[in-house]
Amino acid sequence: MTSPTPKPEAPPKLKDNTTTTSFQTRTLSVPPGPLGTWKDNTLQTWLPPPSPPSALVTATTHLLTSPIPVAFPTETVYGLGADATNASSVRGIYLAKGRPSDNPLIIHISDLDMLSSLLAPAPIPEIYLPLIEKFWPGPLTILLPLPSPSPLAAEVTAGLGTFGVRMPDSELARSLIKMAGRPLAAPSANASTRPSPTTAGHVLEDLRGRVEVIVDGGVCEVGVESTVVSGLGGERVVLRPGGVSLEELRAIPGWEGTVRGYGDGVLGAGEQPRAPGMKYKHYSPRARVVLFEHGGKVEAFGEGETVGLIRAGGWEAGCGMGVVFEREVEGDGEILVKEGRLGERRVLDVGLGGDVKGVAHGLFAALRELDRLGADVIYVEGVDDKGEDIAAAVMNRLRKAASEIRA
Ligand code: TXA
Ligand code: MG
């Protein structure tokens with residue numbers, strides 16, 4: 001491994017037109033295998049492996065000694081992590097991502113011991129206990145009252161009186177958090193507005209030169225971010241749809257009446273979202289995304305030299321347009337692209353299968369892959385989100401990524 005010394009190269013331009021030093025970015029792989037265990041088989045105390053892989057040791061050192069965030073995998077998407085108790089480390093996240101600082105970050109904990117240290121002397125609110133029991137570790141973020149004083153850096157919560165927290169279902173992530181001995185603030189490890197990363201390669205694409213360490217733990221299982229819920233002040237509300245569905249939430253005692261508290265549009269000026277992150281255009285590749293609501297069909301390829309297709313079970317390959325397929329390209333994140341021609345037009349076709357969990361798993365990777373292969377426009381087949389399943393998260397992300405939505 002080479003040294004982590006900053007490299008004096010062309011500094012990347014940030015959104016606000018300031019520049020930052022460019023770093024040498026290293027991707028450190030963690031070999032597959034068990035990465036820790038629960039003490040007593042409860043969520044109370046997580047024990048990292050006695051001899052952790054060197055990637056985790058290096059990442060821990062960075063988290064504790066450098067204000068530059070570290071990218072690491074979770075079961076949902078890759079996160080860009082920093083010590084949530086250290087203000088300059090947290091500022092490093094906003095800087096690396098080019099993320100507006102009025103958007104609060106999710107805190108990641110290794111175990112309930114760590115959660116207690118963030119709430120003390122208050123206990124975990126009762127209403128959350130059945131959710132924790134059922135969905136942690138996993139893709140569910142809960143909002144908790146911020147104690148005063150709080151060990152969390154003010155930059156984490158962007159001035160709100162609550163903080164969002166989750167326990168990831170990734171042994172790697174929990175061990176990294178525990179080894180650092182600090183809660184990690186971690187948004188998705190993409191550049192602001194880009195699709196969230198589900199592989200270390202995606203992170204590198206966006207953040208090369210902006211971070212020093214990317215921990216590579218393979219492809220993320222869920223593929224969309226966690227569900228954000230609030231049960232505070234008598235409300236039961238989903239603020240962001242994600243890996244845990246409304247149907248699963250409503251099956252929990254006390255949560256039967258859970259309502260949707262989000263919209264899928266990009267909000268206009270003056271409109272106030274409950275989860276501040278929901279107001280920005282998000283999840284977008286460079287290509288123009290045209291989303292077809294469930295049941296909609298592509299009638300013609302109207303524009304662009306290179307047309308990308310993302311199919312979700314209803315459309316046939318090439319949308320039945322007579323595309324002549326010539327080769328298959330294996331992309332990052334378990335994405336298989338069939339490339340072909342229709343007259344002068346190049347067509348790039350990805351089938352994500354008919355199972356909505358599979359669609360969620362591959363969606364961001366497919367958008368990125370078609371971008372990388374040069375699609376000018378991407379036609380996406382929407383899924384049926386009238387029910388209460390993870391389709392809500394898929395369509396939420398797609399509506400935000402889309403430049404145009406067709407019926
Ligand atoms: O799956 C995930 O949640 C990923 C992985 C890395 O764990 N993390 C993630 O974090 O998506 P981020 O920071 O990109 O998304 C945080 C979302 C935003 O929509 C934000 O506005 C909302 O959660 N949020 C965080 N804290 C909040 C709070 N106190 N009140 C309301 N919304 C909050
Ligand atoms: Mg994000």
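Read the numbers this way: they start at 1 and go in the same order the structure lists the ligands and their atoms.
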Test item: side-chain donor near acceptor, [X] and [Y], under 3.5 Å:
| X | Y | answer |
| --- | --- | --- |
| Thr45 | Asp113 | yes |
| Thr42 | Asp40 | no |
| Glu221 | His361 | no |
| Asp206 | Asn190 | no |

Numbering as shown, the atoms of ligand 1 that approach [X] to under 4.0 Å (heavy-atom distance):
| X | result |
| --- | --- |
| Val228 | 23 (O) |
| Asn103 | 18 (C), 20 (C), 21 (O) |
| His108 | 5 (C), 6 (C), 7 (O) |
| Leu160 | 28 (C), 29 (N), 30 (N) |
| Leu143 | 27 (C), 28 (C), 29 (N), 30 (N), 31 (C) |

Distance-only N or O hit between ligand 1 and [X], under 3.5 Å:
| X | value |
| --- | --- |
| Lys97 | no |
| Ser226 | yes |
| Thr141 | no |
| Arg240 | yes |

Rounded to the nearest 0.5 Å, what's the gap from CG on Leu35 to CD on Glu171? Could you check?
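Rounded to the nearest 0.5 Å, the CG-CD separation comes out at 6.0 Å.
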Using heavy-atom distances only, which candidate in Ser230, Gly164, Pro187 approaches atom 12 (P) of ligand 1 most closely?
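Selected option, by shortest heavy-atom distance: Pro187.
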Any Thr157 heavy atom less than 4.0 Å from ligand 1
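Flag not set, Thr157 not near ligand 1.
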Would you please determine whether Ser188 falls within less than 4.0 Å of ligand 1 on a heavy-atom basis?
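Distance cut 4.0 Å: Ser188 passes for ligand 1.
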Cationic N near anionic O, under 4.0 Å, Glu212 to Arg26
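The answer is no: the pair does not qualify as a salt bridge.
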How close do Val224 and Gly243 get, counting heavy atoms only, and between which atoms?
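Looks like CG2-N, 4.3 Å.
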Parallel, tilted or perpendicular: ring planes of Phe72 versus His108, cut at 30 and 60 degrees:
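Correct class here is perpendicular.
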Side-chain donor-acceptor pairs under 3.5 Å in residues 125-136, sequence neighbours left out?
unit_1: Tyr128; atom_1: OH; unit_2: Leu143; atom_2: O; d: 2.5
unit_1: Tyr128; atom_1: OH; unit_2: Gly231; atom_2: N; d: 2.9
unit_1: Trp136; atom_1: NE1; unit_2: Leu140; atom_2: O; d: 2.9

Counting the benzene-type ring for Trp, do Trp315 and Phe292 have ring centres under 6.0 Å apart?
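Yes, close enough.
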Protein N, O or S atoms less than 2.8 Å from the Mg ion (ligand 2), ignoring waters?
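Under 2.8 Å from the Mg ion (ligand 2) - ignoring waters, which are not counted - the protein N, O or S atoms are Ser188 OG.
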Residues in side-chain hydrogen bond (donor to acceptor under 3.5 Å, both in side chains) contact with Glu339, at least two apart in sequence or another chain:
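Glu339 satisfies side-chain hydrogen bond (donor to acceptor under 3.5 Å, both in side chains) with Arg327, Arg346 once adjacent residues are dropped.
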Check side-chain contact (heavy atoms from CB on, under 4.5 Å) between Pro147 and all other residues, then give those that pass, not counting sequence neighbours.
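Checked Pro147 against side-chain contact (heavy atoms from CB on, under 4.5 Å); matches are Ser150, Phe163.
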